[in-house]
Peer 1: 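Quick one: structure below, then a few questions.
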Amino acid sequence: MTLAPQYDPLAIESGIYKRWLDAGVFTANAESDDDPYVIVIPPPNVTDVLHSGHGLNNTLQDVLIRYQRMRGREAVWLPGTDHAGIATQNVVERALAKEGKSRHDLGREKFVERVWEHVGKTGNTILEQLKAIGCSCDWSRTRFTFDEDYSLAVRKVFVDLHDAGLVYRGQRVIHWCPRCHTSLSDEEAEFKDKAGHLYHISYEVIDPKDGGPREAVVATTRPETMFGDVCLVLHPEDERWGSYEGTTVRIPLTNVEIPVRTSNAVERDFGTAILKVTPAHDANDFDIGEQLGGFDRPVIIGEDAKMMDVSRVPEVLRGLDRFDARKETVEQLKANGQLVTVENYDHAVRHCYRCRTAVEPLLSNQWFVHMKPLSEPALEAYKTGRLKFVPERWGKVYEHWMTNIRDWNISRQLWWGHRIPAWFCENQECDHITVAMETPESCGKCGGSVRQDDDVLDTWFSSWLWPFATFGWPKATSDLQRFYPGHTLVTAPDIIFFWVARMVMAGYHFMGDTPFETVYLNGVVRDPQHRAFSKSLGNGIDPLDVVELYGADALRYTLVAGAAAGTDIIMDRNDLEATFAAGRHYANKCWNIGRFIVSNLDGPATPMNELGETDLELADRWILSRCQRTIETVTDSLDRYRLNDAASAIYHFIWDELADWYVEQVKPRLYGTTPGGETARGVLSHVFETALKLLHPIIPFLSEELWGHLAGERQGLLAAASWPVVEHKRVDETAERAFSRVQAATSAIRTVRAEYRVPPGKPVRAIFQPADENALSDFESERHTIERLAKVSELVMGADAADEVGAHAVLPDGSSVFVPLGDAIDVETEVARLSGEVERIEKQLAGVKAKLNNEKFVSRAPQDVVDRERDKERSWKEQRETLAAKLRALGV
RNA sequence: GGGCGAAUAGCUCAGUUGGUUUAGAGCGCCUGCCUUACAAGCAGGAAGUCGGGGGUUCGAAUCCCUCUUCGCCCACCA
């Protein structure tokens, strides 16, 4: 079969993927005795299709899983998707809005149906995209966080934690998104710096002391909340306290009177050092109110973020949006002479992580998880090293969050999500809440009728169970038995708190062990302005576009090679050609080497172990040795999660060593112009097959295709092949040293040819002057290689060339090559060139000499370092001598 | 306010515990080649005061201090 000279990924990829599926290579067997290796996918949100961040994340996972599968582990990569409560609800609501409808127009049931319709489509697309980039997921185990079984697990977790006293209902000031109309956890309410103002407002003292102040000036960024104030506070050691003690003040624009009190929470050097306390609209004020005791918590802003129609709020403000109310309040204060001053003030304001709306702190009843007890084993796991992070620095981020953990608000006022299994008693007198797996008939306390909580659970309250709920928990399945705990989690750093930390907590609480041993954090994919990809900026790259243009392998190679552990990766959507060139070129190169080998084999080559050792030439021993080193480097790099190093090692082995040198060296043997064709074919096949194995985790499609042409019939699929092991007897330092001399001589002659513009077709003579006997014999054995690759008509050994005119090059081992050029040399140009060379060498030599003249260096540096310097010195000196001789020959 | 990361060739980045590096790669650039695996290629080449300053050391891109610029995270100074 002949192969096309251009690699066409589209022509092979889908066929290859189907072969993998048909062979069941990705399906793990829970009954197998092999050591398992487990990765659970960070389930993509069903809101949308995949972007290049997913491309990176999933490629890395696939590299690891394919590698471990080839190492003989029972590898399972569990795929799936996340229902992504708030995010998905928003997407569908936006779609509805385009039809001029709201979710309320549909009603809860119809709306949820509509969401299911949406996730059916996107969920499938996502899984197909993963296949397109080559992900070797175990599709037989695909899960969705809203599957029936999974939902039961979520419900059980809620009930169990409630029974254990770790889930409770409480009234707190929570983060409320007025746009999404739900409460949020601390993590979901992100800080963003906002330019704002600090308004200094005068509160009138109603009953001033003799000579005491008649006003109390308060600094606030949110004047509109003052109608919910219950007191003002000073620091207890504030010298002004005496004159305020026992007084009351009037909230501006109202007749509401509130006392003045003290609290340590006041920062004495901020603002006016007098703080207004608004317990229903600020979490800190809630705490201060609690601490002082005896205060109501007047609510004056509603869930729609509008000023409420309550007596505390001046009539003109009622019904106004909070921001309009702020402006209006300021106007009124100004008119009243109660606005003392306004400062510009930048401060961090929390925003909804889904819609970017400023979050409103609101007093509300919600469900919470008591986190402290859950965090302890999770923190311990990190401290003892049971749980590791790559790169390590993220461990500190995890530790800090775990150490300062706060309770988790898990109830959401949404319709898309796991309904909370709690039932309120409809009897006004009874405040009992029934929490149960099954829908209760009646109130567990008074027997009255019950009504289920309308709220749903935070989407992360289901995701945190992913590593075990996906394997069938709470049932004691064989999957759970075999595949928990897992091994590696590959994800982005921005969900360490949302997801990673909570999975560890759930893992310890429900399974008694960490869900994974290593958390590998990949970087963020950014545009050339270093902005993260986002839909609103439109700067993203669709991985499928890249697959279509250049193939999945080119995409994968680029991502893996570009992603040193945890560093961001920059991609330019306006120049895909340049961004993916390396991967594309490389795929084509591999394709052509494969083509060359296939076309030069006549049936299977002789296996390595049947070749006669004495038939091996220097080049054979060299490439076999280099191959062992590459196995070692790639294996070691993958084990240490240095995927870019693995990519680079196999890249350079195949291109720079196998293709550029070995393939060129064996051509005469393959063509039959020199003997030894059988050996050449055997070594070439062996080495290339090994290289394909090393290549496969990163470039699965192409490697599988070529494998099919070379070894497939004998050895089955590459995806199921075994990882190569280092054969130490093949590591041959002597051959490496000898062949590198051959390479150096060839390059030197080529350089001479190029510099003197010897026409490509015209052969030159070269005179080799060996440094020692070994050098001489190596050259003898490879003389045809050098002659062919450097286009030398005659390679003379050891002739004296002192009085000929030509170019001279010294090799690293001290041997030298002289190329007589006769008329080709223009004396003036040559003198200039040589003088430049001399200058450069003098500089190097000066550096080396300074080092060797330094007694401390000679006495303290390790011997081999010093020896190296001595070698350098000798080599530079020789080169200088050679050049001097040349210059003399030219009459200088 | 605290913490973290980044700064190396025109661009995007490697550089593992300080010394086999005369600081590397890919892309781009320059020169010459359609040499029967590959022009998505081959051969050769130019290009860097390793962000600035100081220090430790025989020796620093690498360790310490400091400054500058960018980015990220955390944080109850309203």
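Values below: all heavy atoms of this structure, side chains included; hydrogens, waters and symmetry mates excluded. So that the names make sense, note that chain A is the first sequence line, chain B the second, and so on, each numbered from 1.
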Peer 1: OP1 or OP2 of B:C76 less than 4.0 angstrom from a side-chain nitrogen or oxygen of A:R406, does that happen here?
Peer 2: yes
Peer 1: Counting only side-chain heavy atoms from C-beta out, which of B:A78, B:C42, B:G44 sits nearest to A:S747?
Peer 2: B:G44
Peer 1: Looking at B:A78, B:A14, B:G41, which one has an atom nearest to any side-chain atom of A:W655?
Peer 2: B:G41
Peer 1: Give the nucleotide from the list B:U16, B:A37, B:C74 with an atom nearest to the side chain of A:H400.
Peer 2: B:C74
Peer 1: If the P atom of B:A37 is compared with that of B:U31, how far apart are they to the nearest Å?
Peer 2: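 That atom pair is separated by 28 Å.
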Peer 1: Does A:R642 make a side-chain N or O approach to OP1 or OP2 of B:G15 shorter than 4.0 Å?
Peer 2: yes
Peer 1: Under 4.0 Å, counting only non-hydrogen atoms across every strand here, what does A:A587 touch: a base, just sugar-phosphate, or nothing?
Peer 2: nothing
Peer 1: Applying a 3.5 Å limit to both distances, which nucleotide forms a Watson-Crick or G-U wobble pair with B:U12?
Peer 2: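 B:A25 is the nucleotide pairing with B:U12.
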Peer 1: Rounded to the Å, how far apart are A:E577 CD and B:G28 P?
Peer 2: 8 Å
Peer 1: With both distances kept under 3.5 Å, what pairs with B:G41, Watson-Crick or G-U wobble?
Peer 2: B:C33
Peer 1: Check A:V666, A:I623, A:T746 against A:W661 for a side-chain contact (heavy atoms from CB on, under 4.5 Å) and give me the one that passes.
Peer 2: A:T746
Peer 1: With rounding to the closest Å, how many angstrom separate the P atoms on B:C30 and B:A47?
Peer 2: 16 Å
Peer 1: Separation of A:F580 atom CZ from B:C11 atom P, in whole Å?
Peer 2: 20 Å
Peer 1: State, without any angle test, whether A:H347 and A:D193 hold a side-chain donor-acceptor pair at a distance under 3.5 Å.
Peer 2: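 Short answer, no.
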Peer 1: Can you measure from CE (A:M371) to CG (A:N404) and round to the nearest 0.5 angstrom?
Peer 2: 13.0 Å
Peer 1: Which nucleotide, B:G44, B:A43, B:A37, lies nearest any side-chain atom of A:D660?
Peer 2: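 Side chain of A:D660 sits closest to B:A43.
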Peer 1: In whole angstrom, give the distance that lies between atom CD1 of A:I786 and atom C1' of B:A43.
Peer 2: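 Atom CD1 in A:I786 sits about 17 Å away from atom C1' in B:A43.
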Peer 1: Hey, does A:K396 reach any base, or is it just sugar-phosphate, or nothing, if we go heavy atoms under 4.0 Å?
Peer 2: nothing
Peer 1: Measure from the side-chain heavy atoms of A:R640 and tell me the nearest of B:G44, B:A75, B:U16.
Peer 2: B:U16
Peer 1: Between B:G19, B:G44, B:A40, spot the one nearest the side chain of A:R750, thanks.
Peer 2: B:G44
Peer 1: Suppose we call two aromatic rings close when their centres sit under 6.0 Å apart. Are A:Y662 and A:F596 close by that rule?
Peer 2: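 Between A:F596 and A:Y662, which both carry aromatic rings, the centre distance is not below 6.0 Å.
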Peer 1: For B:U20, which nucleotide in any strand shown is its Watson-Crick or wobble partner with both distances under 3.5 Å?
Peer 2: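 No nucleotide pairs with B:U20.
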Peer 1: A:R595 CZ to B:A37 P: how many Å, rounded?
Peer 2: 8 Å
Peer 1: Does the ring centre of A:W591 sit less than 6.0 Å away from the ring centre of A:Y7?
Peer 2: yes
Peer 1: Return the minimal non-hydrogen interatomic distance between A:G271 and A:A219, and the atom names on each side.
Peer 2: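 Reported closest heavy-atom pair: CA-CB, 4.0 Å.
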Peer 1: Between B:A23 and B:U35, how many Å separate the two P atoms, rounded to a whole number?
Peer 2: 37 Å
Peer 1: Among B:C27, B:G19, B:C38, which nucleotide sits nearest the side chain of A:P862?
Peer 2: B:G19
Peer 1: Using every non-hydrogen atom in the two residues, find where A:I699 and A:L702 come nearest and quote the distance to one decimal.
Peer 2: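 Scanning both residues completely, I find the closest heavy atoms to be CG2-CB, 3.8 Å.
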Peer 1: Can you name the nearest heavy-atom pair linking A:A195 to A:D346, along with the distance?
Peer 2: CA-OD1, 3.2 Å
Peer 1: Just to be sure I understand the rule, does A:Y199 reach a base, reach only the sugar-phosphate, or reach nothing, if contact means heavy atoms closer than 4.0 Å?
Peer 2: nothing
Peer 1: Looking at every strand, decide which applies to A:E855 at a 4.0 Å heavy-atom threshold: base, sugar-phosphate, or nothing.
Peer 2: nothing
Peer 1: What interatomic distance, in whole Å, is found between P of B:U62 and the corresponding atom of B:C50?
Peer 2: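 Between the two P atoms, the distance is 10 Å.
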Peer 1: At under 4.0 Å between heavy atoms, what does A:A283 touch on the DNA or RNA strands: base, sugar-phosphate, or nothing?
Peer 2: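 Nothing, no nucleic acid heavy atom in range.
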Peer 1: What's the CE-P distance between A:M571 and B:U12, to the nearest Å?
Peer 2: 14 Å
Peer 1: Check every atom of B:C77, B:C74, B:A37 against the side chain of A:F270 and return the nucleotide holding the closest atom.
Peer 2: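 Closest nucleotide to the A:F270 side chain: B:C77.
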Peer 1: Choose from B:A37, B:C77, B:G32 the nucleotide whose nearest atom is closest to any side-chain atom of A:P760.
Peer 2: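 Closest nucleotide among those given: B:G32.
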Peer 1: Find which nucleotide of RNA chain B each of A:A582 and A:N588 is nearest to by heavy atoms, and output the residue with the more 5' nucleotide.
Peer 2: A:A582
Peer 1: Using the P atoms only, state how far B:G59 lies from B:G19, rounded to an integer number of Å.
Peer 2: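 These two P atoms come out 15 Å apart once rounded.
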Peer 1: Both distances under 3.5 Å, Watson-Crick or G-U wobble: report the partner of B:G48, or none.
Peer 2: none
Peer 1: Counting the atoms with a prime plus P, OP1 and OP2 as sugar-phosphate, which does A:Y7 contact under 4.0 Å by heavy atoms, base, sugar-phosphate, or nothing?
Peer 2: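 Touches a base.
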Peer 1: Does the side chain of A:H585 get closer than 4.0 angstrom to OP1 or OP2 of B:C27 through an N or O atom?
Peer 2: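 It does, given that an N or O in the side chain of A:H585 lies less than 4.0 Å from OP1 or OP2 of B:C27.
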Peer 1: Which value, in whole Å, describes the distance between the P atoms of nucleotides B:G15 and B:C74?
Peer 2: 27 Å
Peer 1: For A:Y353 and A:E190, does a side-chain donor sit closer than 3.5 Å to a side-chain acceptor?
Peer 2: no
Peer 1: Between A:R297 and A:E290, is the closest basic N to carboxylate O distance under 4.0 Å?
Peer 2: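 Looking at A:E290 and A:R297, the cut-off is met.
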Peer 1: Rounding to a whole Å, what distance do you find between A:R556:CZ and B:G26:C1'?
Peer 2: 20 Å
Peer 1: Looking at B:C73, I'd like to know if its phosphate oxygens (OP1 or OP2) sit under 4.0 Å from a side-chain N or O belonging to A:R393.
Peer 2: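 Indeed not, no polar side-chain atom of A:R393 lies that close.
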Peer 1: Describe the nucleic acid contact of A:R788 in one word from base, sugar-phosphate, nothing, applying a heavy-atom distance below 4.0 Å.
Peer 2: nothing
Peer 1: Mind checking the P distance from B:U12 to B:A7? Whole angstroms is fine.
Peer 2: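 Result for the P pair: 12 Å, nearest Å.
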Peer 1: Counting distance alone, no hydrogens or angles: does the base of B:A37 have a donor or acceptor under 3.5 Å from a partner atom on the side chain of A:E664?
Peer 2: yes
Peer 1: Can you tell me the Watson-Crick or wobble partner of B:A6, both distances under 3.5 angstrom?
Peer 2: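 WC or wobble partner is B:U69.
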Peer 1: Return the value, rounded to whole Å, for the distance between atom CD1 of A:I405 and atom C1' of B:C76.
Peer 2: 18 Å
Peer 1: Which whole number of Å gives the distance between the P atom of B:A61 and that of B:U17?
Peer 2: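 Between the two P atoms, the distance is 15 Å.
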Peer 1: Taking any heavy-atom pair under 4.0 Å as a contact, classify A:A554: base, sugar-phosphate, or nothing.
Peer 2: nothing
Peer 1: Given that A:V865 and A:A561 both sit by RNA chain B, which one's nearest nucleotide is further toward the 5' end?
Peer 2: A:A561
Peer 1: Any side-chain N or O of A:Y671 under 4.0 Å from OP1/OP2 of B:A37?
Peer 2: yes
Peer 1: Rounded to whole Å, how long is the line connecting atom NZ of A:K791 with atom P of B:C42?
Peer 2: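 The answer, rounded to whole Å, is 13 Å.
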Peer 1: Just call it for A:V266: base, sugar-phosphate, or nothing, with non-hydrogen atoms closer than 4.0 Å on any strand.
Peer 2: base
Peer 1: Given B:C42, is OP1 or OP2 found less than 4.0 Å from the side-chain N or O atoms of A:K589?
Peer 2: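 Yes, such a contact exists.
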